[in-house]
Engineer: 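Structure in structure tokens, see below.
Only this structure's heavy atoms are used, side chains among them; waters, hydrogens and symmetry mates stay out. Numbers here simply count residues along the sequence, with the first being 1.
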Amino acid sequence: MITKMKYISLSGHIAGMNHAVNRYLSRYDIQLEHTWHNLMEPFSTLNPYAQTLRKAEKLVEIVGLPPVLFVPVQSAEAVNLVEAAAEAYEQRDFSLRELEEKFADTKRQIEILENYTNLNIDLNALEKLEFIHFRFGRLSVINFRRFEKFLHSDNRIFFIEAKRDKDFVHGIFFTPMPHKDEIDAVFASLEWESHPPLQINIKALMTPLALLHHLRNEIYETEKQIAKLTMDTLSSVCNAEKLAIACAKVKNLYAAFDVKKYASISRGRRIFTFFGWIDADAANALEAEIESDNLVLFTRHSTDIDASPPTLLKNLPVIRQFEFFTRLYGLPEYDEIDPTPVLAITYTLLFGLMFGDIGHGAVLAIMGIYIQQRHHVNLGGIMTIAGISASVFGILYGSVFGLEFQPVWMRPTTNITETLIFATALGAGLIALSMLLNMYNSFRRGKIAELLFGANGFAGLLFYSAMLWLLFRFIVQGRPITPLVIFFAALPLAFVCFKHPLENYLDGRGLISENGIPAFAGNIVIELFETLLTYATNTVSFVRVGAFAVSHAGMMHVVLQLSQSAAGTQNILILILGNVLVMIIEGLLVGIQVLRLDFYEIFSRFYKGTGKPFKSSNYNRIEG
């Protein structure tokens, strides 16, 4: 669901701004807005902690200080400590500077080597060549094509390609020593970028890949030595734990002051005001807390303002996993329905229908739990829910790792017609549901024409329902379709086709546009064709739900047949590999197809996805 938002302001005397920032803006999630009135101006004071923050970040990077959650240190003490540590580091001795130069040089060597790991050549042997000249480097893709066209057949040049990306071709060229200057000039004309010579201090066989591993180990040891010597240098100022706390405090001070950029200041610079959006429940709590505060004034503002509220989604934990997909499509606008619950239900249902197998679903659910626990991504939660759904439908279909037992409901491969009809009927129901949701959205927005005459409004729903009824009457009941029945069934379609003229009429404009009758008639024909085509294609698209259910069972049947030996026993290896292959291929295809059905057949009927995300200005939540 979409959280109800309130537009508020916090005001007070300029001397109490720090109090408001530290007590309220550090604890409540408010999306602050840059709002200035005629008698106000922006807070334009430069952040005094900017330089100290840069020093703190550099110290954290060099020493590798751990993150700190609690910061028990005074502001002035933290600033002074970071400044003293930075000064002590600037005065470090020659041995530490030498190690840092070695670290930087090794890092550059590694960046170069990463382009040549595919070359299986002995770098030591290259260094010993006396009569052959060579250079490592790269050409732009355009210039490499010129090289291939004009110079590839030149027997004085031997080029080995090591790596190619969208912009450059990395490699090494060889030429006899007498042609060195000439060939270097040729490559220079092609804007050849030479890489610095690699420094190899090992006598054994050393390929680029082996040297890369060696240098990575070396840079790791160098980094540890730098951290140790740096802390030895800083030990006269403080220990690592205290320095980490001081750096965290400086970061916090900078972020707190940075929030002030949203403040509006009165012309006499006596009054400050913060404007912003906040959760309605949090607004009540904030107002109650500020009641006893003499330094800050809380004000609620009318929602009838120029800026539209941001969108903040709040759903149950199970549904919240699917917000990942909702954000891919786009957040709902503030006055729209949150499609996440609809997406959660339909995705779970359709995935199970298309991927019904107890074993495959259980494996998918276990993988999802592992991904969510290990990597903390919502995709893992979606996999878990989808896997459970697949296992439930596996029971209904009577299938576990392709092995069949008595189904609770039906078996797709033996009830193909029923499966496809059920999938189509389910799709028609979901399309009708999306039309009802669009009607609700239109009602909330006051769009009467869209509500009554839209293709996804009342007239569209009547026509779509009538067409479904006609199909049922003809196919199931075997009753004839008379012209009178067709007329009354198709009557709502006229309102859909005339939606724009009717909308103009309701707005006080003429039925026929300024472009005249030919353009008017052309628009009606296009509207009619598009509406009929959309209804038909969207409905038929859901046939794939049944088709995938049948194909999944069919693929597993093939796997079982391949694993069956001539003696009648099962080849376990083939059975396992076949199940793994089907789970990977079918799982990916079903996941993508279900998302496509949700996005294009359901979402597109009632949902825009152009909402603005809620961004809290609470500096204790800012990462980085």
Side-chain angles (χ1 to χ4, degrees), residues 50-67 81-119 121-129 133-138 162-163 165 168 170-172 184 188 192-244 246-248 250-251 624:
Q51 292 186 357
T52 307
L53 176 66
R54 285 194 288 270
K55 294 175 183 179
E57 289 175 340
K58 184 177 180 180
L59 289 170
V60 169
E61 180 183 357
I62 294 170
V63 184
L65 298 174
L81 194 59
V82 170
E83 291 289 348
E87 185 178 353
Y89 176 73
E90 289 300 322
Q91 297 175 1
R92 62 195 183 280
D93 60 19
F94 176 76
S95 59
L96 179 53
R97 293 179 185 272
E98 192 175 44
L99 273 177
E100 289 173 344
E101 290 177 3
K102 178 184 177 183
F103 178 86
D105 186 61
T106 306
K107 193 174 182 179
R108 284 193 296 270
Q109 294 282 319
I110 287 174
E111 290 174 355
I112 294 172
L113 275 170
E114 286 174 343
N115 298 310
Y116 301 99
T117 52
N118 292 330
L119 295 181
I121 56 176
D122 184 359
L123 297 174
N124 278 310
L126 285 183
E127 296 294 333
K128 297 175 182 177
L129 292 176
H133 169 69
F134 69 92
R135 287 194 186 278
F136 289 91
R138 68 182 188 180
K163 178 184 175 183
D165 53 40
F168 293 99
H170 302 262
I172 178 173
D184 278 346
W192 170 266
E193 298 179 31
S194 288
H195 287 145
L198 300 171
Q199 298 177 3
I200 308 170
N201 301 319
I202 304 171
K203 301 301 181 183
L205 173 66
M206 187 57 59
T207 63
L209 183 60
L211 181 57
L212 181 64
H213 291 317
H214 172 75
L215 291 181
R216 282 175 175 167
N217 293 331
E218 186 178 280
I219 201 171
Y220 174 73
E221 294 298 327
T222 305
E223 193 171 21
K224 289 198 300 183
Q225 293 177 36
I226 290 173
K228 182 179 181 304
L229 286 177
T230 301
M231 281 314 305
D232 291 343
T233 301
L234 302 177
S235 60
S236 60
V237 177
C238 62
N239 57 34
E241 182 180 359
K242 195 170 183 180
L243 181 60
C247 290
V250 169
K251 180 180 178 181

Engineer: Parallel, tilted or perpendicular: which fits the ring planes of His170 and His195, with parallel below 30° and perpendicular above 60°?
Structural biologist: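 Rings of His170 and His195: parallel, as their planes differ by under 30°.
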Engineer: Could you tell me the separation between the OG1 atom of Thr207 and the CG atom of Asn118, rounded to the nearest 0.5 Å?
Structural biologist: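 Rounded to the nearest 0.5 Å, the OG1-CG separation comes out at 11.0 Å.
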Engineer: To the nearest 0.5 Å, what is the distance between CD1 on Ile62 and CE on Met231?
Structural biologist: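 Interatomic distance, Ile62 CD1 to Met231 CE, rounded to 0.5 Å: 11.5 Å.
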Engineer: Counting only heavy atoms not in Gln51, do more than 12 fall under 6.0 Å of its CD?
Structural biologist: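 No, the 6.0 Å shell around CD holds no more than 12 heavy atoms from other groups.
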Engineer: Does Glu114 have more than 12 heavy atoms from other residues, nucleotides or ligands lying within 6.0 Å of its CD?
Structural biologist: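 Yes.
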Engineer: If you measure from OH on Tyr89 to CG on Leu96, what distance do you get to the nearest 0.5 Å?
Structural biologist: 5.5 Å
Engineer: Report the C-alpha distance between Glu90 and Lys55 in whole Å, list the side-chain angles of each, state the deciding distance to 0.1 Å, and finish with yes or no for salt bridge (charged side-chain N to carboxylate O under 4.0 Å, His left out).
Structural biologist: CA-CA 11 Å; Glu90 289 300 322; Lys55 294 175 183 179; over 6 Å; no
Engineer: Without placing hydrogens or testing angles, list every side-chain donor-acceptor pair under 3.5 Å for residues 219-227, not counting sequence neighbours.
Structural biologist:
from	atom 1	to	atom 2	distance (Å)
Thr222	OG1	Glu218	O	2.8

Engineer: Is the closest side-chain heavy-atom distance between Leu129 and Phe134 below 4.5 Å?
Structural biologist: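 The answer is yes; the side chains approach within 4.5 Å.
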Engineer: Report yes if some heavy atom in the side chain of Ile110 is under 4.5 Å from a heavy atom in the side chain of Leu212; otherwise report no.
Structural biologist: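 Touching, per the 4.5 Å side-chain cut-off.
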Engineer: For the residue pair Ala88 and Val237, what are the closest heavy atoms and their distance?
Structural biologist: CB-CG2, 3.9 Å
Engineer: As an exercise, state the distance from NZ of Lys242 to SG of Cys247, rounded to the nearest 0.5 Å.
Structural biologist: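 Answer for the NZ-SG pair, Lys242 versus Cys247, is 13.0 Å.
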Engineer: Show the nearest heavy-atom pair for residues Glu193 and Phe168, with the distance to one decimal.
Structural biologist: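 Result for this residue pair: OE2-CE2, 3.7 Å.
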Engineer: As an exercise, state the distance from CG of Leu234 to CG of Leu243, rounded to the nearest 0.5 Å.
Structural biologist: 6.5 Å
Engineer: Which atom pair, heavy atoms only, marks the closest approach of Leu99 to Leu229?
Structural biologist: CD1-CD1, 3.3 Å
Engineer: Measure across Pro208 and Tyr116 and return the closest heavy-atom pair with its distance rounded to 0.1 Å.
Structural biologist: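 Between these two residues, the closest heavy atoms are CB-O, 3.2 Å.
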Engineer: What verdict does the side-chain contact (heavy atoms from CB on, under 4.5 Å) test give for Asp184 and His133, after you've listed the backbone C-alpha separation in whole Å, the side-chain angles of each residue and the deciding distance to 0.1 Å?
Structural biologist: CA-CA 10 Å; Asp184 278 346; His133 169 69; 3.1 Å; yes
Engineer: Starting at CG of Leu123, measure out to CE of Met206 and round the result to the nearest 0.5 Å.
Structural biologist: 8.0 Å
Engineer: How would you list all residue pairs meeting salt bridge (Lys or Arg N to Asp or Glu O under 4.0 Å) that involve residues 94-104, not counting sequence neighbours?
Structural biologist: Arg92-Glu100
